[in-house]
Amino acid sequence: QVQLVESGGGSVQAGGSLRLSCAASGRTISTYTLGWFRQAPGKERDFVAASMWSGGSTYYADSVNNRFTISRDNAKNTVYLQVNSLKPEDTALYYCAAKSSNVNLRLSGSYAYWGQGTQVTVSS
C-alpha cells in the first residue's frame, strides 16, 4: 500500500497562491493515478484535479477555471497542486488520493488511498 501526507496549506488573501505537496511512501507514484479533492465544512468532498499514471494526462474540475495545476516529481515521489488566483470559495481541507486505474478519476469513492488533508483558507 501507499501512504500519502499533504503539506503546504495556509491562510492567504484573495488572489494569492499556494503550492500544495503530497509526499508518498511505501510505493512509487509512477504506477498510480493521483487526485486532489477538497472538502469545506458541511459540504461534500469534491474533485479538484487528477493526474493519470499512464499517458501523462491531467484533468480538472470546471470550478478551477484554469487556476490550478497538478504535477508530479517522480524522483521525489511527490505530487503537487499549484493553486493560483485563490478565491474565498476555495477555502477547504485539501486531500490527495491515489488509485491504481484510470477510470472514475473524478469519483472520490474510487480512490483507495488518502492523506489526512492540508487546510487552505482564503480571506476576502
Side-chain angles (χ1 to χ4, degrees):
Q1 297 185 357
V2 61
Q3 293 78 46
L4 306 171
V5 179
E6 303 96 332
S7 63
S11 298
V12 299
Q13 296 181 7
S17 299
L18 291 169
R19 190 178 74 163
L20 310 183
S21 299
C22 177
S25 61
R27 304 289 293 274
T28 175
I29 64 170
S30 64
T31 60
Y32 287 87
T33 287
L34 281 301
W36 284 95
F37 294 79
R38 65 187 182 186
Q39 187 169 24
K43 302 294 183 63
E44 295 183 352
R45 187 171 299 183
D46 293 328
F47 170 78
V48 176
S51 172
M52 297 173 64
W53 71 267
S54 178
S57 298
T58 58
Y59 298 89
Y60 298 92
D62 292 340
S63 60
V64 170
N65 294 324
N66 297 317
R67 298 178 295 119
F68 294 3
T69 303
I70 187 172
S71 61
R72 297 178 181 229
D73 187 336
N74 288 333
K76 297 181 179 180
N77 216 32
T78 300
V79 62
Y80 303 94
L81 184 70
Q82 179 70 39
V83 293
N84 298 326
S85 301
L86 286 164
K87 305 174 182 179
E89 52 263 43
D90 294 319
T91 295
L93 187 64
Y94 283 70
Y95 298 89
C96 67
K99 67 199 306 292
S100 58
S101 73
N102 290 329
V103 299
N104 298 322
L105 57 86
R106 292 176 172 83
L107 183 63
S108 63
S110 72
Y111 289 77
Y113 309 104
W114 291 84
Q116 294 302 117
T118 184
Q119 180 68 39
V120 172
T121 302
V122 185
S123 60
S124 60

Review point. Is there a donor-acceptor pair under 3.5 Å between the side chain of Asn77 and the backbone N or O of Arg27?
Key: yes

Review point. Would you find a donor on one side and an acceptor on the other, under 3.5 Å apart, between the side chain of Thr78 and the backbone of Lys76?
Key: yes

Point to revise | CD-OG distance between Gln3 and Ser25, expressed to the nearest 0.5 angstrom | key: 4.5 Å

Exercise for review: Examine distances only and state if a side-chain atom of Thr91 and a backbone atom of Val122 form a donor-acceptor pair shorter than 3.5 Å.
Suggested key: yes

Check your understanding: Strictly by modelled atom types, are Arg45 and Ser108 linked by a side-chain donor-acceptor pair under 3.5 Å?
Key -> no

Exercise for review: Return yes when atom CG of Asn74 has more than 12 non-hydrogen atoms of other residues, nucleotides or ligands closer than 6.0 Å, and no otherwise.
Suggested key: yes

**Study point:** Heavy-atom donor-acceptor pair, Gln119 side chain to Ala92 backbone, under 3.5 Å
**Key:** yes

Exercise for review: Take Trp36 and Cys22 through the side-chain contact (heavy atoms from CB on, under 4.5 Å) test and state the conclusion after the steps.
Suggested key: CA-CA 9 Å; Trp36 284 95; Cys22 177; 3.7 Å; yes

Review point. Can you name the nearest heavy-atom pair linking Ala24 to Leu4, along with the distance?
Key: CB-CD2, 3.8 Å

Check your understanding: Would you say Asn84's side chain and Ser17's backbone share a donor-acceptor pair under 3.5 angstrom?
Key -> no

Practice item. Find out whether Tyr80 and Arg72 are in side-chain contact, i.e. whether some heavy atom of one side chain is under 4.5 Å from a heavy atom of the other. Key: no

Point to revise | Verify same cluster id: Tyr111, Tyr94 (apolar side-chain graph, 4.5 Å) | key: no

Study note, to complete from the structure: Heavy atoms of Thr118 and Gly9 approach each other most closely as OG1-N, 3.0 Å

Review point. Given the rule that I, L, V, M, F, W and Y join up when any side-chain heavy atoms are under 4.5 Å apart, are Tyr95 and Leu20 in one cluster?
Key: no

Practice item. Say whether Leu81 and Val64 are linked into one hydrophobic cluster, either directly or through other cluster members, by side-chain heavy-atom distances under 4.5 angstrom. Key: yes

Check your understanding: Does Ser21 offer a backbone N or O that forms a donor-acceptor pair with the side chain of Glu6 under 3.5 Å?
Key -> no

Exercise for review: Would you check, one step at a time, whether the test side-chain contact (heavy atoms from CB on, under 4.5 Å) holds for Tyr32 with Tyr113?
Suggested key: CA-CA 10 Å; Tyr32 287 87; Tyr113 309 104; 3.8 Å; yes

Review point. Is any side-chain heavy atom of Asp46 less than 4.5 Å from a side-chain heavy atom of Phe37?
Key: no

Exercise for review: Check for a donor-acceptor pair, side chain of Ser110 on one end and backbone N or O of Leu105 on the other, with a separation under 3.5 Å.
Suggested key: no

Exercise for review: Report the distance from atom CD of Gln116 to atom SG of Cys96, rounding to the nearest 0.5 Å.
Suggested key: 10.0 Å

Practice item. For residues Val79 and Ile70, determine if any side-chain heavy atom of one lies less than 4.5 Å from a side-chain heavy atom of the other. Key: yes

Check your understanding: Between Arg67 and Ser85, is there a donor-acceptor pair closer than 3.5 Å when you use the side chain of the first and the backbone of the second?
Key -> yes

Review point. Same hydrophobic cluster for Leu34 and Leu18, using side-chain heavy-atom links shorter than 4.5 Å among ILVMFWY?
Key: yes

Check your understanding: If you look at every heavy atom in Pro88 and Ser123, which pair is closest and at what distance?
Key -> CG-C, 4.5 Å

Exercise for review: Going by the side-chain contact (heavy atoms from CB on, under 4.5 Å) test, name the single residue among Lys87, Glu89, Arg38 that passes it with Ser63.
Suggested key: Arg38

Review point. When you look at Tyr60 and Val48, which way does the side-chain contact (heavy atoms from CB on, under 4.5 Å) test go after all the steps?
Key: CA-CA 6 Å; Tyr60 298 92; Val48 176; 5.9 Å; no

**Study point:** Closest contact, heavy atoms only, Thr31 versus Trp53
**Key:** C-CB, 3.7 Å

Exercise for review: State whether a side-chain donor-acceptor pair under 3.5 Å links Thr33 with Asn102.
Suggested key: yes

